[in-house]
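Each chain gets a letter, A, B and so on, in the order the sequences are listed, and its residues count up from 1. Hydrogens, waters and symmetry mates are skipped; everything else that's a heavy atom, side chains included, is used.
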Amino acid sequence: MPVMTYRDALRAAMAEEMERDEQVVLLGEDIGVYGGTHLVTNGLIDQFGPRRVIDTPISENGFTGAAIGMAMAGMRPIVEMMTWNFSFQAADQIIQNAAKIHYFSGGQVHVPLVIRGPNGGGVQLSAQHTHSLEGFYGHFPGLKVVSPVTPEDVKGMMLASIRDPDPVIFLEAGALYGTKGDVPEGDYTVEFGKARIAREGSDVTLVAYGRQVNMLLRVADDLDKEGVQAEVIDLRSIRPFDTETIITSVKKTNRAVVVQEQWRWFSVASEVAALIQEHAFDYLDAPVERVSGAEVPAPYARNLEVAGFPSEEQILEAVRRVLYQESR
Amino acid sequence: MATTKRTARRGKTGNDAGTDSRKEPQVQLETEELISLYQKMVEIRLFEDACQRGFRQGKIGGYLHLYIGQEAVATGFLESHRSGDRIITAYRDHAHALLLGATPRQIMAELYGKGTGLVKGKGGSMHLFDAENDFYGGYGIVGGHIPLGVGMAFAAAYNKEDSIVQLYLGDGAINNGAFHEAANLSGLWGQDGLNPCLWILENNQYGMGTSVERATANTNLASKFDAYGIEHEQVDGMDVVAVIESARRASERVRESGTPFAVEALTYRIVPHGAADFLERYRTKEEVKKWRERDPIGLLEQRLEDAGVEEIAIAKIREEKQDIVADAVKFAEESPVPELSELTTDVYASEMHVADAG
Ligand SMILES: Cc1ncc(C[n+]2csc(CCOP(=O)(O)OP(=O)(O)O)c2C)c(N)n1
Ligand SMILES: [Mg+2]
């Protein structure tokens, strides 16, 4: 299998599907001539031309709505949000139209649309440019929400997203664009709603999605040295959601820690904790722990920012609490 | 390559270096006034050169957007600022804060993420605020701040403050829905004298890598205000004296009438969009060079020389400003980072503490 970066896997998936299906077009700010602010679409305008790689003005509400219209009329647009922070301007179109048209048209019209872009904190981007929106978009029935972390999943889930008949919110781990991994060639898709066991273990279940998965793998290595075997689950998809994989794991380990960068209140981790107590209450040996971002808008100063994001120490502390070990 | 073809298609405004709006201003400024303007503009330029260095050294993080090439616009308009007039802009905001009275030390410390910063290290480059000096930010979402300016103008009229708002926005922001809704409100409320808002459209030819021509079919940006009943004019944004002439007239008119007025300043961002951007495939070196010849600081130097100010006096100003900037950098470097307890302060204005939420 070729080794590719997260970024190149994204581009490869989109380019392959554009070759196969000319209804697939890209829209977004500076995705063409400029090459994409994160270079995800770099070169695609040369390959497919400006009719299919459409540079838009800074009109998120307008071009996202227009993409919904294209999808309703038979096309398969992929919208790039330069970053998901700008999607609030398009939220009316995404939530009020994309998510609901199939339902309120009584199933007559559907919206095969992908909206993609980097999500989550960067380095010192501060309050208006730091959001993790899985919980936010995951809240709305009618949307599918995915958050891949490996280049392999990026390709497989992007192809699945483009072919999906429903609107897909494709939340990329912007911080991982440069990370590498094996990526299957050709027509490779990953089914939505199937979590991935990133590491097997028997003592505690650690759950995350996006870049926090990599953090959990590092924590699991540390725990290994202490003789604790952690099972790491990568959710991959927020909606649909794979309850079964989590419950099976918790029945085995009897303990769970859920980690996310987003705020804790009304979040994915809260949902996971609720599902575990509904389906595996009798198996739990400790309350489910949630490790989340600090309940504040993101600060600029690096020391404050670091203190506001979930850390490996916080995760280790949470693991020790569910294992009833002394904290260090 | 398609890229080159499309870049070459850039139309008039990108290449003519602002010629359309250029005519010799009528306003007569004393030599002292010219010197004072020069001091301000040089301070901004040298300050931002230091920002760029700090960014390259990794001492400034996040997004950093420099105003290099556009100094005459804010300098010229804020010359008409009267205490109490509220100022609001987007993320390219260092000059505005400096001109309104925030010190180079406070701003540099902010960019360095220090507790002594203008907003305690919480906002960074994009979110400078200095309410005491009438500066209401500093915003990162394109278009997002525009309705706020209109609302502040309403409040000023409602409370009979005799103050106005200077609302700055970019050529890219004008294609954002927020602009159109806010401009409509401003025109509407202005009919009743309830919107003393001076709209300052900083047309620096590009929104990131997208030229005006590639972003809208009607490239006469000032004319967009026609749709909302707001009168407007264009000004050469590279010539601070021309800007002052327009600014004085426009501010007076807005202040007296309580109705909005818009000025499109034709200017140019000489530097890349953000300090981290290096690919400039969207414009040619020749184009940048052409605009550099009309660098606002260079043009002002020309005026100073014409007024008989000696080169040595000009050089001395630069030296003085260099010292001030060096002092600001030193202050920023030596300042402590914010206390960790600051993470959770300022979330609410009321007594509610974040812990009450979780
Ligand atoms: C809603 C939104 N979309 C996209 C961005 C990313 N972005 C930041 S600045 C910018 C260009 C804005 O251009 P303009 O209004 O002309 O201001 P300038 O940068 O030229 O000063 C873009 C697209 C953003 N910050 N907000
Ligand atoms: Mg611009």
Side-chain angles (χ1 to χ4, degrees), chain A residues 29-37 39 42-50 53 55-63 65 82-83 85-86 88-90 92 122-130 263-267 270 290 292 294-308, chain B residues 1-3 6-7 60-63 91 110-115 117 119-127 139-144 170 172-178 207-211 214-216 273-274 277 279-282 337-340 342-347 354-358:
Chain A
E29 291 158 22
D30 283 320
I31 62 169
V33 171
Y34 196 81
T37 41
L39 298 177
N42 198 18
L44 294 183
I45 193 167
D46 301 328
Q47 199 176 340
F48 297 103
V53 180
D55 274 325
T56 63
I58 310 166
S59 317
E60 281 81 359
N61 195 42
F63 66 74
M82 189 181 280
T83 75
N85 306 294
F86 313 139
F88 295 116
Q89 291 200 343
D92 177 63
V123 181
Q124 289 189 270
L125 303 183
S126 73
Q128 291 190 311
H129 284 79
T130 307
W263 296 299
R264 183 160 73 150
W265 276 69
F266 319 110
S267 65
S270 304
R290 292 172 288 166
S292 313
E295 219 54 40
V296 301
Y300 166 74
R302 185 63 182 154
N303 68 322
L304 298 184
E305 179 177 66
V306 168
Chain B
M1 205 169 78
T3 313
R6 287 168 67 77
T7 314
I60 296 175
Y63 293 137
Y91 43 81
E110 184 59 36
L111 305 187
Y112 274 61
K114 298 300 179 73
V119 293
K120 304 188 239 176
K122 289 191 171 175
S125 164
M126 295 189 289
H127 302 301
Y139 298 83
I141 302 300
V142 171
I174 209 160
N175 299 314
N176 191 271
M208 243 176 202
T210 304
S211 65
R214 296 185 59 246
T216 181
H273 168 77
D277 302 330
L279 285 178
E280 295 240 286
R281 293 195 272 218
Y282 58 90
V337 296
E339 298 286 340
L340 280 185
E342 282 290 343
L343 177 64
T344 52
T345 61
D346 297 324
V347 178
V354 283
D356 301 340

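- A/Arg290 and A/Ser270 share a donor-acceptor pair across their side chains, judged by distance under 3.5 Å alone.
- For B/Ile174, no part lies under 4.5 angstrom from a heavy atom of chain A.
- In summary, the side chains of B/Thr345 and B/Lys120 do not present any donor paired with an acceptor at a separation below 3.5 Å, with no hydrogens or angles considered.
- Here B/Gly123 is the residue among B/Gly177, B/Gly123, B/Gly117 with the most heavy-atom pairs under 4.5 Å with chain A.
- Only the side chain of A/Thr37 comes within contact range of chain B, with heavy atoms under 4.5 Å apart.
- Contacts of A/Ala294 with chain B are made by side-chain atoms alone, with heavy-atom separations under 4.5 Å and no backbone atom involved.
- Taking A/Gln89, A/Glu29, A/Glu305 one by one and counting their heavy-atom pairs under 4.5 Å with chain B, the maximum is reached by A/Gln89.
- Per-residue counts of heavy-atom pairs under 4.5 Å with chain A were compared for B/Val119, B/Thr216, B/Val337; the largest is that of B/Val337.
- Between the CG atom of A/Leu304 and the NZ atom of B/Lys122 there is a distance of 7.5 Å, given to the nearest 0.5 Å.
- Neither the backbone nor the side chain of A/Asn61 comes within contact range of chain B; no heavy atoms are under 4.5 Å apart.
- A donor and an acceptor atom, one from each side chain of B/Tyr282 and B/Glu280, are located under 3.5 Å apart.
- Neither the backbone nor the side chain of B/Asp346 has a heavy atom closer than 4.5 Å to any heavy atom of chain A.
- Ranked by heavy-atom pairs under 4.5 Å with chain A, the list B/Gly144, B/Gly143, B/Gly207, B/Gly113 is led by B/Gly113.
- Under the 4.5 Å side-chain criterion, counting only non-hydrogen atoms from C-beta, A/Tyr34 is not in contact with B/Thr210.
- Applying the ring pair (Phe, Tyr, Trp, His ring centres under 6.0 Å) rule to A/Phe63 yields no partners; only residues at least two apart in sequence or on another chain are considered.
- Donor-acceptor pairing under 3.5 Å is lacking for the side chains of B/Asn176 and A/Ser59.
- Listed options B/Gly274, B/Gly172, B/Pro338 were ranked by heavy-atom pairs under 4.5 angstrom with chain A; first place goes to B/Pro338.
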